[in-house]
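Here is the structure we will look at.
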2 protein chains.
Amino acid sequence: MAPRPASKTAIPSDKVGVICRALRRAIIEQALAPGAKLPEDSLGERFGVSRTIARHALGQLAAEGLVELRRNRIAVVATPSWQEARDAFDIRIELERLVVRQLAGKLTKSQIAELNAHVDAEDRARDGSDAVSIRLATEFHILLANMTNSPILVRYVSEVAYRCCLTLSLYSRPHSSECAINEHRAIIAALVKGDEAKVMSLMHSHLDSVASRALVAPAPPRGRDLLDILAPYAEEGESERLVKLPKVVRAR
Amino acid sequence: MAPRPASKTAIPSDKVGVICRALRRAIIEQALAPGAKLPEDSLGERFGVSRTIARHALGQLAAEGLVELRRNRIAVVATPSWQEARDAFDIRIELERLVVRQLAGKLTKSQIAELNAHVDAEDRARDGSDAVSIRLATEFHILLANMTNSPILVRYVSEVAYRCCLTLSLYSRPHSSECAINEHRAIIAALVKGDEAKVMSLMHSHLDSVASRALVAPAPPRGRDLLDILAPYAEEGESERLVKLPKVVRAR
DNA sequence: GACCCTCAAAGTGCATGCAATTGAGGCGCA
DNA sequence: TGCGCCTCAATTGCATGCACTTTGAGGGTC
């Protein structure tokens, strides 16, 4: 075995998990934009593991919908269609309504404190980069899900929240997020008060407004394949011609 | 609804996918009961691939919650706790309400025919093994999800349905499923009629009744670790003692 | 100048090999 | 007999190697 550089391997390494978490975070902070290439060996080299492990991590992320795997091709950060984005938000709304329904009136003092602290952090980050704001906002929802103590719910909410985050980076215009922060505070308040119906409706309208602020037009383009971008402009029956446009247009 | 481009989520049509599908099916038909061991090399040998591939498949199934992966230990078919089963059903109810909401009044003739044909198949299988009935019932729900043309929704519904199926094999007593079949027919009828509210409530009560028929008592035991079974019987403060019981009791 | 053909470089698909960990049976001891 | 330690086969964790596929750059042709 290759001489391992003094790493404290006494702990269960879980290298795949490490890579997954790193990539997830990079993706939702838009350090890795949709369409970015993720070659196995670069990944392996970057994280000090073999291609085998990098590959395994990519497989997991693909199952979560954050990465697209095509046979014999380099993996890329997923580029969800507008419709998929809309679907993801629809699912998310239902799941998070479930979260707050389970949580209403059941939060402990320390949980409430934790939530408030998180929103405070969101507040402080308002002047920072959009990417960080988006990540914090997403993490607020995941924090909530965690408090349900339902591993399944946590997993689904996290996954779908990450996906939504990814779509935001594709379809969203630069937005101000103050309102979102206030909505988070309102949700906490309703949770504490224990008003189940109220908090479900708050969560619903919160996510709905995030979605509709973000997914304004079904006009996608950024980072997508030129062919896809041009498709809607093709006249009826012209698709054949489009495919054969000169190289420069077909370029990726 | 406008015809949506078919899912491009055909991830790997390769060997990993084949193994995953085979194992999923074996698990929901209870050919592989919860707790059953899944050694990488047996799997590889059985499917004519190397351990690498078998391992990858196990990773995917673990991400779906059908398999439990413990470091340096043989993978086993998952044994969800009673609470996890309940959580899975709760999530499933919300997701499937979403499915029928999207589908109400929008089914094509051929889709309706397909659904009816499936329920007929369920009917015919009523005399067969319980395992097949359960699988067919599950596949009815997945068939519905497929008709939404939302890859994300399909994936989540499938996953959670498989999980529920798995829990049925753990906690359910032998049950008669005629009522379930009739409920399926009622759902189709309401879908055709386009009564959104009605079909959502039908789906809700259908799944709720399946869940409550199945998850009767929070008393689990089959196939679980002895320690877990004995845990509730431990007196306060005795847990320490329990852990140190002689080997024969700790046996798995 | 645009097209097409060829081919090497880059990258994936998968099997295999070796080290590390586990747990089950065997041996000694009370 | 019963309990604990020790050892070894079984099994996983991971890296590496080889074959195959895709990519895209260069050069020849019209």
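The sequence lines fix the lettering, A, B, ..., with proteins before strands; numbering per chain opens at 1.
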message: I'd like to check the side-chain hydrogen bond (donor to acceptor under 3.5 Å, both in side chains) partners of B:Gln60; sequence neighbours left out, ordered by chain and number.
response: none
task: Using modelled atom types only, decide if a donor and an acceptor are shared between the side chain of B:Arg163 and the backbone of B:Glu64 within a distance under 3.5 Å.
output: yes
- prompt: Starting at NE2 of A:His56 and ending at C1' of D:dG13, how long is that distance when rounded to a whole Å?
  reply: 11 Å
Separation of atom CG in A:Asp14 from atom P in D:dT12, rounded to whole Å: 17 Å
- prompt: What pairs with A:Phe140 under ring-ring contact (aromatic ring centres under 6.0 Å, His included), at least two apart in sequence or on another chain?
  reply: A:His184
query: Over how many whole Å does the gap from A:Arg71 atom CZ to C:dG13 atom P extend?
result: 6 Å
- prompt: Mind checking what makes side chain to side chain contact (heavy atoms under 4.5 Å, CB included) contact with A:Glu40, not counting sequence neighbours?
  reply: A:Arg51, A:Arg55, A:Leu58
- request: Residues of residues 37-49 of chain A with any non-hydrogen atom less than 4.0 angstrom from an atom of DNA chain D: list those, numerically ordered, please.
  value: A:Val49
field: Between C1' of C:dG13 and CZ of B:Arg55, the distance in whole Å
entry: 17 Å
field: Contacting residues from residues 58-69 of chain B, given that a heavy atom lies under 4.0 angstrom of DNA chain C
entry: none
query: The side chain of A:Arg73 lies closest to which of these nucleotides: D:dT11, D:dT23, C:dA15?
result: D:dT23
- line: Testing D:dG13, C:dT16, D:dC14 for proximity to the side chain of B:Ser50, the answer is C:dT16
- request: Would you kindly give the CZ-to-P distance between A:Arg70 and D:dT22, to the nearest whole Å?
  value: 11 Å
field: Residue A:Thr52, side-chain atoms from C-beta onward, closest of C:dT22, C:dT12, D:dT16
entry: D:dT16
field: Counterpart residues, ring-ring contact (aromatic ring centres under 6.0 Å, His included), relative to B:Tyr156 (two or more places apart)
entry: A:Tyr156
task: Specify the separation, in whole Å, of atom CG of B:Asn72 and atom P of D:dT12.
output: 9 Å
- request: Check whether the side chain of A:Arg51 and the base of D:dG17 form a donor-acceptor pair under 3.5 Å.
  value: yes
query: Between atom CD1 in B:Ile74 and atom C1' in D:dA9, what is the gap in whole Å?
result: 12 Å
message: Tell me every residue that passes side chain to side chain contact (heavy atoms under 4.5 Å, CB included) with A:Thr138, counting only those two or more places apart in sequence or in another chain.
response: A:Ile134, A:Ile142, A:Ala161, A:Cys165
message: Under the rule for side chain to side chain contact (heavy atoms under 4.5 Å, CB included), what residues qualify as partners of B:Ser42, not counting sequence neighbours?
response: B:Pro39
Nucleotide N/O of nucleotides 7-9 of chain C paired with protein N/O under 3.5 Å:
none

task: State which residues pass salt bridge (charged side-chain N to carboxylate O under 4.0 Å, His left out) with A:Arg92; sequence neighbours excluded, sorted by chain then number.
output: A:Glu96
- request: Keeping to residues at least two apart or across chains, list the side chain to side chain donor-acceptor pair (under 3.5 Å) pairs with something in residues 143-153 of chain A.
  value: A:Ser150-B:Asp87
message: Keeping B:His118 on the side-chain end and B:Leu136 on the backbone end, is there a donor-acceptor pair under 3.5 Å?
response: yes
query: What residues form a side-chain hydrogen bond (donor to acceptor under 3.5 Å, both in side chains) with B:Arg135, not counting sequence neighbours?
result: B:Glu29, B:Glu139
